[in-house]
Amino acid sequence: MTGIVTADHKKTAFVTGVTGQDGSYLVELLLNKGYRVIGAKRRTSTICTDRVDHLFEDKNFILEYYDLNDTSRTWQLINKYRPDEIYNLAAMSHVRVSFDIPENTVDGIAMGTLRLLNACKELVPDSKFYQASSSEMFGDNPNYPFNEESKLMPASPYACAKVFAHNLCRNYRLAYNMHVSSGILFNHESPRRGETFVTRKITLAAAKIKQGLQDRLFLGNLEAKRDWGFAGDYAEAMWIMLQQDVPDDYVIATGETHTVREFLEEVFSHAGLDVEKHLHIDPRLFRPHEVPYLLGNPEKAKNKLNWEPKITFKKLAKKMYDEDYELVKRLKRRIK
Ligand SMILES: NC(=O)c1ccc[n+]([C@@H]2O[C@H](COP(=O)([O-])OP(=O)(O)OC[C@H]3O[C@@H](n4cnc5c(N)ncnc54)[C@H](OP(=O)(O)O)[C@@H]3O)[C@@H](O)[C@H]2O)c1
């Protein structure tokens, strides 16, 4: 049996990567639905809970230290809370950085998922498990748009590890009849996106340039095409997947693709800035092996999950810039 039966019989969700972009949107959604949420965060030397700080006062939100690389802690936490739903979002998620620290990246994503799946298989075999798979798994495959059956041709240590974890989830589903679903999520962004990811780097730089705090913006490959959606919409898709009777894999995407250059131009034009005056291309920011084109086909999610993205490209660029503009304004006030 899963879930500690509380007085009001609420469900318990265990979320790894809770301090990340997706973790924060997912926890908000789960708390709103009345879940008790166990947020699993790793120990860091500086406080990095800003994305979930606003949720601390909710008595249904519990933070626990956890690390993908710590088997005994994984078992201890799953045993302690006996969750009904497990969302495995933790990862070293930066593709370019995965070329610099491949061993750490692969161990966390591949072995970390194995550790969590094993603990769930033994301790809560009836729980439902969500795996954060990635469009990066399609890598070198030239036959877009990609759906759930498209060939996986990973082109980075990050993507290779995600393929391992994705296959493992499918294997546990079939071998042990576990309710394991993977969301093959295409790029999704938000004002909470990490500042080293290209979209956020652009919106934050534009907000700082506009307010006189920065002059130059250093970027790598502007021609890579990505299918960009909003993280809040994608967190909803994760939850819907675990409400299905039958587990499965789903592509979550907008079905539109745009270059990094288009995102840059959209943001700068909204800000009233001239791209050419501020842009500098830095070869060090290029990936050793680029994925040139990502475009998803979200038909299965539309038909079976009744899920559709609400925020698409232009709205997303504007939303991210507008929030960063306000953030920079607040920072400026604090400096004065
Ligand atoms: N955003 C996208 O476009 C996208 C697309 C497809 C798939 N994904 C996948 O979806 C998941 C969530 O993405 P995101 O955008 O929310 O990523 P994110 O903002 O980078 O968050 C990743 C989270 O994982 C945690 N983490 C990293 N290494 C860990 C470890 N060894 N042990 C425990 N926790 C660890 C991070 O903790 P710290 O806060 O301490 O760093 C953070 O909370 C990731 O698995 C990512 O690979 C993302």
Side-chain angles (χ1 to χ4, degrees), residues 14-28 38-53 63-71 73-74 77 86-98 101 103-113 115-116 130-139 146 154 156-166 169 182-200 224 226-235 237-238 241 249-254 263 291 294 296 309 316 320:
F14 183 79
V15 180
T16 73
V18 69
T19 54
Q21 169 188 253
D22 292 6
S24 67
Y25 284 106
L26 181 66
V27 172
E28 276 173 10
I38 316 305
K41 78 169 234 80
R42 67 173 165 171
R43 196 265 164 187
T44 46
S45 65
T46 52
I47 297 169
C48 67
T49 51
D50 47 317
R51 293 184 179 110
V52 287
D53 279 347
L63 272 182
E64 291 274 16
Y65 283 113
Y66 161 85
D67 198 292
L68 282 166
N69 305 85
D70 191 330
T71 306
R73 183 61 170 162
T74 305
L77 288 175
I86 296 101
Y87 295 86
N88 185 29
L89 309 184
M92 199 308 288
S93 68
H94 200 290
V95 178
R96 227 232 23 90
V97 175
S98 79
I101 48 169
E103 191 175 326
N104 171 280
T105 306
V106 174
D107 194 348
I109 294 174
M111 291 304 293
T113 303
R115 291 179 186 108
L116 193 54
Y130 172 82
Q131 172 61 18
S133 289
S134 166
S135 57
E136 288 286 334
M137 299 191 303
F138 299 118
F146 304 115
S156 62
Y158 167 83
C160 290
K162 284 286 184 187
V163 170
F164 177 94
H166 183 75
C169 284
S182 296
I184 307 172
L185 270 51
F186 282 64
N187 288 58
H188 45 283
E189 319 292 317
S190 74
R192 298 182 197 170
R193 185 62 143 150
E195 292 172 18
T196 57
F197 290 86
V198 68
T199 50
R200 185 73 200 290
R226 293 291 181 266
D227 180 328
W228 274 305
F230 171 56
D233 291 345
Y234 288 34
M238 297 173 195
M241 274 179 229
D249 300 333
Y250 294 93
V251 159
I252 300 297
T254 66
F263 188 87
V291 172
L294 289 176
L316 179 66
M320 289 177 69

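Numbers here are sequence positions counted from 1. Note that ligands are numbered from 1 as they come in the structure, with each ligand's atoms numbered from 1 the same way.
Considering backbone and side-chain N/O of Ala91, one or more are found under 3.5 Å from N/O of ligand 1. Of the N or O atoms in Leu89, one or more lie within a sub-3.5 Å distance of an N or O in ligand 1. The shortest N/O to N/O separation between Asn187 and ligand 1 does not fall below 3.5 Å. Ligand 1 has no nitrogen or oxygen under 3.5 angstrom from a nitrogen or oxygen of Ala132.
Side-chain atoms of Thr16 come within 3.5 Å of backbone N or O of Ala90 as a donor-acceptor pair.
Of all non-hydrogen atoms in Val52 and Val18, the two that sit nearest each other are CG1-O, 3.6 Å.
The closest approach between any non-hydrogen atom of Arg193 and ligand 1 is below 4.0 Å. Residue contacts with ligand 1 include Asp67, since one or more of its heavy atoms lies under 4.0 Å from the ligand. Ligand 1 has no atom lying under 4.0 Å from any heavy atom of Tyr234.
Here the protein heavy atom with the shortest distance to atom 41 (O) of ligand 1 is Arg42 NH2, 2.8 Å. Scanning all protein heavy atoms for the shortest distance to atom 7 (C) of ligand 1 gives Ser133 O, 3.5 Å.
Using cut-offs of 30° and 60° on the angle between ring planes, the pair Phe186 and Phe146 is parallel.
With salt bridges taken as basic N to acidic carboxylate O contacts below 4.0 Å, one links Asp107 and Arg115.
Listed by number with element, the atoms of ligand 1 under 4.0 Å from a non-hydrogen atom of Thr19 are 37 (O), 38 (P), 39 (O), 42 (C), 43 (O).
Residues that satisfy the side chain to side chain contact (heavy atoms under 4.5 Å, CB included) test with Tyr25, not counting sequence neighbours, are Gln21, Glu28, Ser190, Pro191, Arg192, Phe230, Ala231, Ala235.
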